[in-house]
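Report on the structure given below.
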Amino acid sequence: MDIVKTTLQVVQSRIHVAAQKAGREPSEISLLAVSKRQPADAVRGLVMQGQFAYGENYVQEGVAKIQALAGLNLDWHFIGPIQRNKTTQIATHFNWVHSVDRLIIAQRLSEQRLSAERLTPLNVCLQVNVDDEATKSGVALNEVAALALAVRDLPNLRLRGLMAIPRATEDAQQQRAQFALVRQCFEHLNSMGLQLDTLSMGMSADLEAAIAEGATIVRVGTALFGKRDN
Ligand SMILES: *Cc1c(COP(=O)(O)O)cnc(C)c1O
């Protein structure tokens, strides 16, 4: 009889193989399961298999799931575009935010983390725009350093690193080249004394390239939960 692997096992083994190829320890890379547009029961199914970190893109949907699954002690990351009027909800309910790309948003998150009386700082990554597509969110590479220095000084945030969603391409070389830009930016910030430890990059289709370029968090939806409606 064939032993059928779960999608979680398949993704974990992709991470493992990619890490080994890159000469890295698989334990340096954590898997963020992107549960957007998935019901709370789908999350429960993965929790039973030992997956505890989840990423959400939409505030209302995310908060509803966080409340439905409270008690399971999950680690919730906000990874979607941030509207100003949604920062309170994010600062109150999430442990991480990967998509900070302007100072006003970071300032609001810091103030609201305090008002929410959360005892730990909110972990923050700056989203960088590596391909300068006008429509996409993210801070331009040449503006990342200034933003990072300003965010570092906010009291209730902990600046952890960078996040990127490069333009989708099937060309593995091109995927790596885009992730390399993010890694170089990360190294530059650390050479300025910033002590960042997180590179959030790589999704279902390109996690191998991201791991080859130093990703420490890969954000995977489709490969775990199947295709979404949108
Ligand atoms: C949807 C999404 C993902 C997951 O994408 P898949 O291709 O389904 O793995 C990762 N990161 C962000 C920011 C997303 O919006």
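Being a predicted model, the structure only gives us computed values, none of them experimental. Numbering of ligands and ligand atoms starts at 1, following listing order.
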| message | Run the side chain to side chain donor-acceptor pair (under 3.5 Å) test on T88 and Q112 for me, step by step, so that the C-alpha distance in whole Å, both residues' side-chain angles and the decisive distance to 0.1 Å come before the verdict. | response | CA-CA 6 Å; T88 306; Q112 292 159 348; 3.2 Å; yes
| task | Kindly indicate whether a cation-pi arrangement holds for R118 with F94, taking the cut-offs as under 6.0 Å to the six-membered ring centre and within 45° of the axis. | result | no
| query | Quick check: does any side chain N or O of R219 sit under 3.5 Å from a backbone N or O of S200, one acting as donor and the other as acceptor? | reply | yes
| query | Are the side chain of N123 and the backbone of N95 linked by a donor-acceptor contact shorter than 3.5 Å? | reply | yes
| request: Have a look at ligand 1 and work out which part of H98, if any, has a heavy atom under 4.0 Å from it: side chain, backbone, both or neither. | output: neither
| query | Given that the side chain starts at C-beta and the backbone is N, CA, C, O, which of these parts of N57 lies under 4.0 Å from ligand 1, counting heavy atoms, or is it both or neither? | reply | side chain
Hey, which atoms in ligand 1 end up nearer than 4.0 Å to a heavy atom of [X]?
X	answer
I165	13 (C)
T222	6 (P), 7 (O), 8 (O), 9 (O)
R219	4 (C), 9 (O), 10 (C), 11 (N), 12 (C), 13 (C)
V220	9 (O)

| field | side chain to side chain contact (heavy atoms under 4.5 Å, CB included) between E208 and K21, intermediate numbers included | value | CA-CA 9 Å; E208 283 82 3; K21 268 196 188 161; over 6 Å; no
Who's the nearest protein heavy-atom neighbour of [atom], and how far?
atom	result
atom 2 (C) of ligand 1	K36 NZ, 2.6 Å
atom 12 (C) of ligand 1	I79 CD1, 3.6 Å
atom 10 (C) of ligand 1	M203 SD, 3.2 Å
atom 9 (O) of ligand 1	S204 OG, 2.5 Å

| Purely on distance, is any nitrogen or oxygen of G221 under 3.5 Å from one on ligand 1? | yes
| Have Q83 and K86 got a donor and an acceptor in their side chains that come within less than 3.5 Å? | yes
| Taking atom types as modelled and ignoring hydrogens, do the side chains of E56 and S35 form a donor-acceptor contact shorter than 3.5 angstrom? | yes
| Is any side-chain heavy atom of K65 closer than 4.5 Å to a side-chain heavy atom of W76? | yes
